[in-house]
Amino acid sequence: MAVKIKLKRLGKIRSPHYRIVVADSRTRRDGRAIEEIGLYHPVQNPSRIEVNAERVAYWLSVGAQPTEPVLAILKKTGDWQKFRGEPAPAPLLQPQEKATRPSFEALGGEDEGKGEAITPKKKAEKKDEAPAESSESTEA
């Protein structure tokens with residue numbers, strides 16, 4: 001039985017999320033897995049990669065073959081280089097915390113026109129008045 005380390009797809013149509021799993025090579029892409037060893041969320045900016053390095057090292061040592069996408073992920077995290085005995089790659093970029101925008105009051109702004117509309121409202125056309133006048137003339 002050949003064992004592969006591959007991606008299992010989850011998520012909606014246009015927001016894919018993957019789990020890095022160890023599975024029999026004959027199972028389908030989203031089929032039953034032997035073990036889940038990581039996460040890959042490509043839609044997030046920067047993409048989220050979490051890998052259990054101990055389990056990856058174990059499965060590679062017993063002969064599991066990574067697929068091409070998983071091999072690329074393992075090279076980015078450095079687990080493939082550690083397994084092969086090569087020097088580690090540069091560290092991955094960590095997501096930076098977003099700076100909060102200063103509030104309006106903090107910038108010194110004063111709200112002078114409370115409750116007033118900036119754009120004038122459109123006036124309704126007076127189509128209803130013409131038929132009303134004609135109905136009054138017919139009553140007399």
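Positions are given from 1 along the sequence. Hydrogens, waters and symmetry mates play no part in the numbers below; they use all other heavy atoms, side chains included.
- Looking only at distances, a side-chain donor or acceptor of His17 sits under 3.5 Å from a matching main-chain atom of Ser15.
- In terms of heavy atoms, Leu74 sits closest to Gln81 at O-OE1, 3.9 Å.
- The minimum heavy-atom distance linking Pro16 with Pro42 is given by the pair O-CD, 3.6 Å.
- Two residues are said to be in side-chain contact when any heavy atoms from C-beta on lie closer than 4.5 Å; Arg29 and Lys6 fail this criterion.
- A donor-acceptor contact shorter than 3.5 Å is absent between the side chain of Asn52 and the backbone of Gly38.
- For Thr27 (side chain) and Ala23 (main-chain N/O), no donor-acceptor pair under 3.5 Å exists by modelled atom type.
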Donor-acceptor contacts under 3.5 Å from residues 64-71 side chains, at least two apart:
none

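- Counting only heavy atoms from C-beta outward, the side chains of Trp80 and Leu60 approach each other to under 4.5 Å.
- Atom NE2 of His41 sits about 10.5 Å away from atom CD1 of Ile49, to the nearest 0.5 Å.
- The list of salt bridge (charged side-chain N to carboxylate O under 4.0 Å, His left out) pairs with a residue in residues 53-64, not counting sequence neighbours, reads Glu35-Arg55.
- Here the rule is side-chain contact (heavy atoms from CB on, under 4.5 Å) with Ile5, and of Ile20, Val21, Ile73 only Ile20 fits it.
- The hydrophobic clustering, which links ILVMFWY residues whose side-chain heavy atoms are closer than 4.5 Å, places Phe83 and Tyr58 together.
- In this pair, Tyr40 and Tyr18 present their aromatic rings parallel. The plane angle is below 30°, not in the 30 to 60° band.
- Two residues are said to be in side-chain contact when any heavy atoms from C-beta on lie closer than 4.5 Å; Val22 and Val3 meet this criterion.
- Distance NZ/Lys8 to CZ/Arg19: 6.5 Å, rounded to 0.5 Å.
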